[in-house]
Amino acid sequence: MPQEGAFKFHQYQVVGRHLPSEQDPTPTVYRMKVWAKDAVRAKSKFWYFLRKLRRVKKANGQIIAANEIFERKPTTVKNFGIWVRYQSRTGYHNMYKEYRDTTLNGAVDQMYS
């Protein structure tokens, strides 16, 4: 079982919004959970997906918070079900697989191993 800091991917919660302007002094705040290797890549993924979902670019927006999400009970063994969408030579496929681990990061690490 790998240690908490030895995982390849970590789960981050990134919160951001459009920059306040005179037309919109209180813009909508967007929160997203993303998997990334570090906080910098998590912020980059946040802007990538927010650009696709809403008309907000990094140049016109701001990050309010970027926090790593940790397990509430990392000593209890749990079952985690993970949905994966991947691309093969024949097209896109959906897959569901269950993993047994103490943390969600550990289950994702098993999926990539």
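Positions are given from 1 along the sequence.
Here the closest heavy-atom approach between residue V108 and residue W35 is recorded as CG2-CH2, 3.6 Å. Minimum interatomic distance between F80 and D101 (heavy atoms only, all atoms of both residues): CE1-O, 3.5 Å. Taking every heavy atom of both residues into account, R17 and P27 meet most closely at CD-CG, 3.9 Å. Nearest heavy atoms, A36 versus A42: CB-N, 3.5 Å. Closest heavy-atom contact between Y12 and A39: OH-N, 3.5 Å. Of all the heavy atoms in W47 and Q62, the pair that sits closest is CH2-N, 3.6 Å.
L50 CG to H18 NE2: the interatomic distance, rounded to the nearest 0.5 Å, is 9.5 Å. One finds the OG1 atom of T76 at 9.0 Å from the CD atom of E71 (value rounded to the nearest 0.5 Å). Here the OH atom belonging to Y30 is positioned 13.5 Å from the CD1 atom belonging to I63, to the nearest 0.5 angstrom. Rounded to the nearest 0.5 angstrom, F46 CZ and K43 NZ are separated by 11.0 Å. Put simply, CG on D24 and CG on L19 are 11.0 Å apart, with the number rounded to the nearest 0.5 Å.
Other residues, nucleotides and ligands place more than 12 heavy atoms under 6.0 Å from the OH atom of Y86. Around NZ of K78, the count of heavy atoms belonging to other residues, nucleotides or ligands within 6.0 Å exceeds 12.
Listed for the K73 side chain is no donor-acceptor partner under 3.5 Å among the backbone atoms of T103. Although no hydrogens or angles enter the test, the distance criterion places no donor-acceptor pair under 3.5 Å between the side chain of Q13 and the main chain of V34. For the pair E68 (side chain) and H10 (backbone), a donor-acceptor distance under 3.5 Å is absent.
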(request) Give the C-alpha distance, both sets of side-chain angles, the deciding distance and a yes or no for side-chain hydrogen bond (donor to acceptor under 3.5 Å, both in side chains) between H93 and S88. (result) CA-CA 8 Å; H93 306 283; S88 70; 2.8 Å; yes
(request) Just do the ring pair (Phe, Tyr, Trp, His ring centres under 6.0 Å) check on Y112 and F9 with the steps written out, would you? (result) CA-CA 9 Å; Y112 279 105; F9 289 96; 4.8 Å; yes
(request) Let me see the working for R51 and V56 under side chain to side chain contact (heavy atoms under 4.5 Å, CB included), right down to the final yes or no. (result) CA-CA 5 Å; R51 202 171 329 137; V56 180; over 6 Å; no
(request) Please report the C-alpha distance between I69 and K33 in whole Å, then the side-chain angles of each, then the deciding distance to 0.1 Å, and finally whether the side chain to side chain contact (heavy atoms under 4.5 Å, CB included) criterion is met. (result) CA-CA 9 Å; I69 298 174; K33 291 182 180 178; 3.9 Å; yes
(request) Could you walk me through whether V29 and I64 pass side chain to side chain contact (heavy atoms under 4.5 Å, CB included), step by step? (result) CA-CA 9 Å; V29 176; I64 297 172; 4.1 Å; yes
(message) Using the rule given for side chain to side chain contact (heavy atoms under 4.5 Å, CB included), can you reason through M32 versus F49, listing the C-alpha separation, both sets of side-chain angles and the distance that settles it, and then say yes or no?
(response) CA-CA 9 Å; M32 198 177 294; F49 288 119; 3.7 Å; yes
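Counting heavy atoms from C-beta outward, K97 and M111 have side chains that stay 4.5 Å or more apart.
Side-chain contact annotation: Q11 with N105, donor-acceptor N/O pair under 3.5 Å absent. With hydrogens and angles left out, the side-chain atoms of Y96 and E98 include a donor and acceptor closer than 3.5 Å.
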